[in-house]
Amino acid sequence: QVQLVESGGGLVQAGGSLRVSCLASGGTFSRYSMGWFRQAPGKEREFAAAISWSGGSVYYADSVKGRFTISRDNAKNTVYLQMNNLKPDDTAVYYCAAGGRSTYWSANAYARDLKYNYWGQGTQVTVSS
């Protein structure tokens, strides 16, 4: 059983930057693909970014491409989401997720929330205009 705890959310002005982190415990972190999803008020949860368990592949939603960077540090059991040039539309609760233990996914699989087995409780990111 993998436990995930997000941190680093907060309030930032438009154009600013923020880094959210997700600390994993209870499993072999390096074996899991990791994803970041977000959910804005009144909207469905949507994919933001993902990184393969090997760390060799990263994927982004079109809405964050070029502004967000996902990375992982297996020695620290942590996945990060660096968010630059933030916009008010980025306001949401950000969730990290783990899935696909030692499994190779097709590229489009990373954006599917049903592929992930474990979820954190989320961290709020608010971008003011």
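Numbers here simply count residues along the sequence, with the first being 1. No experiment lies behind these values; they were computed from the predicted model shown. Hydrogens, waters and symmetry mates play no part in the numbers below; they use all other heavy atoms, side chains included.
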Task: Chi angles and distances behind the side-chain contact (heavy atoms from CB on, under 4.5 Å) call for Met83, Val125 - done: CA-CA 10 Å; Met83 303 181 289; Val125 172; 3.9 Å; yes
Task: Residue pair Trp36, Ile70: steps toward the side-chain contact (heavy atoms from CB on, under 4.5 Å) verdict - done: CA-CA 8 Å; Trp36 283 98; Ile70 188 171; 3.6 Å; yes
- [ ] Start with the C-alpha distance between Tyr116 and Trp119, add both sets of side-chain angles, then the distance that settles side-chain contact (heavy atoms from CB on, under 4.5 Å), and finish with yes or no.
- [x] CA-CA 8 Å; Tyr116 296 85; Trp119 292 82; 4.0 Å; yes
Open item on the list: What verdict does the side-chain contact (heavy atoms from CB on, under 4.5 Å) test give for Ile51 and Val79, after you've listed the backbone C-alpha separation in whole Å, the side-chain angles of each residue and the deciding distance to 0.1 Å?
Closed with: CA-CA 9 Å; Ile51 186 167; Val79 62; 4.2 Å; yes
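Within a 6.0 Å radius of CZ in Arg45, more than 12 heavy atoms belonging to other residues, nucleotides or ligands are found.
No donor-acceptor pair closer than 3.5 Å links the side chain of Gln121 to the backbone N or O of Val5. No side-chain donor-acceptor contact under 3.5 Å links Gln39 to the backbone of Val93. Within the 3.5 Å criterion, the main-chain N or O of Ser30 finds no donor-acceptor partner in the side chain of Thr28. Side chain of Gln124 to backbone of Gly10: no donor-acceptor contact under 3.5 angstrom is found. Side-chain atoms of Ser33 come within 3.5 Å of backbone atoms of Trp53 as a donor-acceptor pair (strictly under, hydrogens ignored). Proximity of a side-chain donor or acceptor of Thr91 to a complementary backbone N or O of Thr126 within less than 3.5 Å is not detected.
Nearest heavy atom pair, residue Arg38 against residue Ala92, reads CB-CB, 3.8 Å. Considering all non-hydrogen atoms of both residues, Val64 and Ala48 come closest at CG2-O, 3.3 Å.
Hydrophobic clustering (side-chain heavy atoms under 4.5 Å, transitive across Ile, Leu, Val, Met, Phe, Trp, Tyr) groups Val58 together with Phe68. Linking ILVMFWY residues whenever their side-chain heavy atoms come closer than 4.5 Å, directly or via other members, places Val20 and Val127 in the same cluster.
Distance check: Leu81 CG to Thr123 OG1 gives 11.0 Å after rounding to the nearest 0.5 Å. Atom-to-atom distance recorded for Asp89:CG and Lys43:NZ is 6.0 Å, nearest 0.5 angstrom. The line from CG of Leu18 to CG of Asp90 is 10.5 Å long, rounded to the nearest 0.5 Å. From Leu4, atom CG reaches atom OG of Ser21 across 12.5 Å, with rounding to the nearest 0.5 Å. Distance check, rounded to the nearest 0.5 Å: OH of Tyr80 to OG of Ser7 gives 9.0 Å. To the nearest 0.5 angstrom, Cys96 atom SG is 4.0 Å from Glu6 atom CD.
Checked against side chain to side chain contact (heavy atoms under 4.5 Å, CB included), Ser57 has the following partners two or more places apart in sequence or in another chain: Ser52, Tyr59.
Using a 4.0 Å cut-off between a side-chain N of Lys or Arg and a carboxylate O of Asp or Glu, Asp62 and Lys65 qualify as a salt bridge.
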Throw together a table of side-chain donor-acceptor distances under 3.5 angstrom for residues 98-112, partners on residues two or more places apart or in other chains.
residue	atom	partner	partner atom	Å
Thr103	OG1	Arg101	O	3.0
Ser106	OG	Asn108	OD1	2.8

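For the pair Arg67 and Tyr60, the cation-pi criterion (under 6.0 Å, within 45° of the ring axis) is not fulfilled.
In summary, the aromatic rings of Tyr95 and Phe37 are positioned with their centroids too far apart to meet the 6.0 Å limit.
Partner of Phe29 under the side chain to side chain contact (heavy atoms under 4.5 Å, CB included) criterion, chosen from Asp73, Asn77, Val2: Asn77.
A heavy-atom distance below 4.5 Å is found between the side chains of Ser17 and Gln82.
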